[in-house]
There are 2 protein chains.
Amino acid sequence: MTDPALLARSRPRRRDAEATRAAILEAAKKQFALAGYDCTLRDIAGEAGADVALVKRYFGGKEALFVEALKASFGSDDLSEWDRQTSAREIATMLADSPHADEARTHRFQFLLRAATSPTTAPLLNVLVQERFLGPIREWLGGVDAQARARVFAASYIGFLVERLIRGEALQGREREVFIDRVSAIFTVLIAETGPA
Amino acid sequence: MTDPALLARSRPRRRDAEATRAAILEAAKKQFALAGYDCTLRDIAGEAGADVALVKRYFGGKEALFVEALKASFGSDDLSEWDRQTSAREIATMLADSPHADEARTHRFQFLLRAATSPTTAPLLNVLVQERFLGPIREWLGGVDAQARARVFAASYIGFLVERLIRGEALQGREREVFIDRVSAIFTVLIAETGPA
DNA sequence: CCCCTATGTCAACGGCGATTGACTTAGCGG
DNA sequence: CCGCTAAGTCAATCGCCGTTGACATAGGGG
């Protein structure tokens, strides 16, 4: 396990404002996801191999950095990697695995949860969720009542991600099989255009 | 909107250690849920109409207070108010309503989310979730593969609570109807003992 | 009625972390 | 090669918060 801070320091970046800014943003995305809003700017700057003062110069302050990191975290879209043919079973299997098998998505998701439960960032999150999450899902699902169906899909998806996060490890044996069967069934229904019954 | 702190101060409690302790705990449950671990003891004490020093005296410190509040928040069980006959539709309707219509559950749930996303409290939460959430759901569901089915149920339930939280208001009109129909269908399947298809 | 103790109040301390501005240096244009 | 500016560093400051111990007082038992 190499310490990224040391790694960054060992080969001091050639002076480059844009690269430094990007490094800070990347570190912020990770730290905010892992430790929430109460990680220190020193931690973030340290991981980026930069100085705290640069955070102020490039982003204005902690709050602004948080917002920018949140937006950036939702730039890459979870769903684009799937098409409508992706079997519900693939989704279910991913959800039965360990969250550690899927670091990037897990980090982004933790970030979302943190923002969702913080009164200050909640309004911003609402907009982002609409734009970057519910919207794409709606497009992806298509068909009638797409908005309501997207809601149900998103809610279920989020729920399983939370469960996976709390669980912390992959399911095993028969419990895994049953879990995947049941979850597949749910997502099959959710993706289908026709209503229940 | 009366300020509860003022309310509490206006009629200073008759000296009563137990009542004071309870007031602090109650305020802590609320504040920790609303603002997370980074709310100040001064806020909590203020809302309880007590002094910060009493937190130390009665609980030992912030960390201990947090743990106690977390446990207390899960003392009352979400599910006990339902029996297996509760229609999936009732659950779905509750989930389509505003989170504000259901303050107690919302607070408890925010607390859970916060704890789930904090590295320090996550281990503790795991135990609690097993004991007070997954366990009761398993009993409540009964039947074969109850453990796996309880997981799926819990995950879905959590997901819809998150969605409701982010949404912030009740669904309206046709979207509401479709939402309730779909969610009912899911929970009906989840409660049913037989597997999918 | 008086004291004794449980209860509640207060102010100071210490640490931490964001912010800030002055300082240093790399690197490019002339 | 020289200096000028953008990029990066450093240390001081300020406010906030948890903690702590000394102090005040209610209120019941002797």
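Throughout, protein chains are lettered first and strands after them, A, B, ... in sequence-line order, and every chain is numbered starting at 1.
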*Asks:* Can you tell me if the side-chain N/O atoms of Tyr58(B) get under 4.0 Å from OP1 or OP2 in dG8(C)?
*Replies:* yes

*Asks:* Would you kindly confirm whether Leu125(A) and Leu65(A) end up in one hydrophobic cluster when ILVMFWY residues are joined by side chain heavy atoms under 4.5 Å apart?
*Replies:* yes

*Asks:* I want to verify a distance call: between dA7(D), dA18(C), dC10(C), whose nearest atom is closest to the Asp51(B) side chain?
*Replies:* dC10(C)

*Asks:* Using a cut-off of 4.0 Å on non-hydrogen atoms, how would the nucleic acid contact of Ala53(A) be classed: base, sugar-phosphate, or nothing?
*Replies:* base

*Asks:* When you measure from the side chain of Arg15(A), which nucleotide among dT25(C), dC17(D), dG8(C) comes out closest?
*Replies:* dT25(C)

*Asks:* Validate the cation-pi geometry between Arg164(A) and Phe179(A): distance from NZ or CZ to the six-membered ring centre under 6.0 Å, angle to the ring axis within 45°.
*Replies:* no

*Asks:* What integer distance in Å separates Lys62(B):NZ from dT20(D):C1'?
*Replies:* 17 Å

*Asks:* Is any side-chain N or O of Thr20(B) closer than 4.0 Å to OP1 or OP2 of dG8(C)?
*Replies:* yes

*Asks:* When the distance from NZ of Lys56(A) to C1' of dT13(D) is rounded to whole Å, what number comes out?
*Replies:* 14 Å

*Asks:* State whether Phe74(B) and Arg108(B) meet the cation-pi test: NZ (Lys) or CZ (Arg) under 6.0 Å from the six-membered ring centroid, and within 45° of the perpendicular axis.
*Replies:* no

*Asks:* Categorize Val55(B) for me: base, sugar-phosphate, or nothing, with a 4.0 angstrom heavy-atom threshold over every strand shown.
*Replies:* nothing

*Asks:* Distance check needed: dC16(D) P versus Ile44(B) CD1, whole Å only.
*Replies:* 18 Å

*Asks:* Between P on dG8(D) and CG on Leu54(A), what's the gap in Å once rounded to a whole number?
*Replies:* 6 Å

*Asks:* Rounded to whole angstroms, how far apart are CZ on Arg42(B) and C1' on dA11(C)?
*Replies:* 10 Å

*Asks:* For Phe32(B) and Phe66(B), I'd like to know if the aromatic rings sit close, meaning centre-to-centre distance below 6.0 Å.
*Replies:* yes

*Asks:* For Asp16(B) and dG8(C), what is the distance between atoms CG and C1' respectively, to the nearest whole Å?
*Replies:* 12 Å

*Asks:* Phe59(A) CZ to dA18(C) C1': how many Å, rounded?
*Replies:* 16 Å

*Asks:* Quick one: Arg57(B) CZ to dT5(C) P, roughly how many Å, whole number?
*Replies:* 15 Å

*Asks:* Can you say whether a donor on the side chain of Arg14(A) sits under 3.5 Å from an acceptor on the base of dG27(C), or the other way round?
*Replies:* no

*Asks:* Let's see if you can work this out: which of dT19(C), dG8(D), dC17(D) has an atom nearest to the side-chain heavy atoms of Leu41(A)?
*Replies:* dT19(C)

*Asks:* Can the positive tip of Lys62(B) be found less than 6.0 Å from the middle of the six-membered ring of Tyr37(B), inside 45° of the ring normal?
*Replies:* yes

